[in-house]
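Below is one structure, written out as structure tokens; comments come after it.
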Amino acid sequence: MPELPEVETVVRTLAPALSGAAILSVPHARADMVEPLGHDLAASLKGRRIASVTRRAKRIVFTLDSAERFFVHLGMTGQLTLEPTDGPRKKHTHLVVDIAGGRQLRLVDPRRFGAIVWLGKADHANVGPEPLSLLPEQLAKILGRTKRAVKTALLDQTLLAGVGNIYADEALHAAGIDPRRPGNSLSTAEAGRLNRALKTVLRNAIRAGGSSIRDYVDANGKRGDFQARHRVYDREGKPCHKCRGKIIRIVLGGRSTHYCADCQS
DNA sequence: AGGTTGACCTGGACGC
DNA sequence: TGCGTCCAGGTCAACC
């Protein structure tokens, strides 16, 4: 579900409420969703304060007053919300953190593709640069090193962090680039266009509060609006907004891929 | 070694 | 109504 704009929206709705807040206890943490396996999350969090809530890639990062960190990854169906302590607990609630002031931070994730990862003082591993602060020559270099389809390369989190299936398709459409093109076949100008398109699409999506296809909500339970402005994602058979061409759907690297047969080739 | 495929899960939409 | 099939904002490990 959640890509960079959705995760960023969750962070922005959580941070004001949680910065400086005290963690009272951890009444529930599903053991098989905590990494490293067997780590005692409750013991690590109890009595600490949350210094900040930030985003890195698709990860919601909590920094404690001890300078230790953990992050929540939402997988496909994760929802991280703030609820009143006495509010009803939804099915598939896998993490509950008691916060001072009668609030609970809760993770609901039916498919359980998400995770709660204790970092301690270690750094994030295996995540590429952030697309919102990427220079055009950096993107050109990243793509120039692979002959995989450019769409597939954009999804590789070790190359670029935070872009997922929706925004890869949307950015390639905005840049007018065929998603099947080998990464190393893009010209410098095309890489530059793609770099700009990624930033524009991601920023607009953040401004709209993300895309809610089915599950995604922010920390207050509110859905995003960006799905109404998708140009290609989930628009198979519909007309292209740019050229009236037909949006087609193919499978690339095992992922559903949408593009305009006319203005992206 | 780079690149592709299936597995991990639940639930909603669809067809019969 | 009730099955069975397919699909989904992500990421790994296991394979060619």
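Chain identifiers are assigned alphabetically (A, B, ...) following the order of the sequence lines, protein sequences preceding nucleic acid strands; residue numbering begins at 1 within each chain. All values below were derived from every heavy atom in this structure, side-chain atoms included, with hydrogens, water molecules and symmetry-related copies excluded.
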Review point. Quick one: is C:dG10 close enough that its OP1 or OP2 comes under 4.0 Å of any side-chain N or O from A:His73?
Key: no
Practice item. Compute whether any side-chain donor of one residue and acceptor of the other, for A:Tyr167 and A:Ser211, lie under 3.5 angstrom apart. Key: yes
Study note, to complete from the structure: In DNA chain B, stems of three or more consecutive pairs, Watson-Crick or G-U, each with both distances under 3.5 Å, turn out to be B:2-8 with C:10-16, B:10-16 with C:2-8
**Study point:** Residue-level proximity of residues 122-133 of chain A to DNA chain B when a heavy atom falls under 4.0 Å
**Key:** none
Check your understanding: Do any pairs count as a ring-ring contact (aromatic ring centres under 6.0 Å, His included) and have a residue in residues 118-163 of chain A, sequence neighbours left out, and if so which ones?
Key -> A:His39-A:Trp118, A:Phe71-A:His124
Review point. Can you pull the contact range of chain A along DNA chain B, 5' to 3', using atoms under 4.0 angstrom from its heavy atoms?
Key: B:dG3 to B:dG12
Practice item. Could you measure between the two C1' atoms, the one in C:dC6 and the one in B:dG6, and give it in whole Å? Key: 16 Å
Check your understanding: Base, sugar-phosphate alone, or nothing: which one does A:Ser256 contact when heavy atoms must sit under 4.0 Å apart?
Key -> sugar-phosphate
Check your understanding: Nearest-Å distance, CE (A:Met33) to P (C:dT11)?
Key -> 13 Å
Review point. Between A:Arg59 (CZ) and C:dG10 (P), how many Å, whole number?
Key: 14 Å
Point to revise | Near-strand residues of residues 105-113 of chain A, defined as heavy-atom separation under 4.0 angstrom from DNA chain C | key: A:Arg111, A:Phe113
Point to revise | Donor-acceptor contact below 3.5 Å, side chain A:Thr257 vs main chain A:Arg255 | key: yes
**Study point:** Distance in angstrom units between A:Leu4 CG and C:dG10 P, rounded
**Key:** 12 Å
Check your understanding: In residues 138-155 of chain A, what residues come within less than 4.0 Å of DNA chain B, judged by heavy atoms?
Key -> A:Thr146, A:Lys147, A:Arg148
Review point. Between C:dG10 atom C1' and A:Ile213 atom CD1, what is the distance in whole Å?
Key: 15 Å
Check your understanding: Charged N to carboxylate O below 4.0 Å: is that the case for A:Glu137 and A:Lys141?
Key -> no
Check your understanding: If we take the P atom in both C:dT11 and B:dA1, what is their distance in whole Å?
Key -> 24 Å
Review point. Strictly by modelled atom types, are A:Glu3 and A:Tyr216 linked by a side-chain donor-acceptor pair under 3.5 Å?
Key: no
Review point. Quick one: A:Arg255 CZ to C:dA8 C1', roughly how many Å, whole number?
Key: 9 Å
Revision key, fill the gap. Rounded to whole Å, the CG-C1' distance (A:Asn165 to C:dA8) equals 10 Å
Review point. Across the strands shown, which category fits A:Tyr233 at heavy-atom distances under 4.0 angstrom: base, sugar-phosphate, nothing?
Key: sugar-phosphate
**Study point:** Short side-chain N/O contact to C:dT11 OP1/OP2 from A:Gln157, under 4.0 Å
**Key:** yes
Practice item. Give a yes or no on whether the backbone of A:Ala57 and the side-chain of A:Arg55 come within a donor-acceptor separation of less than 3.5 Å. Key: yes
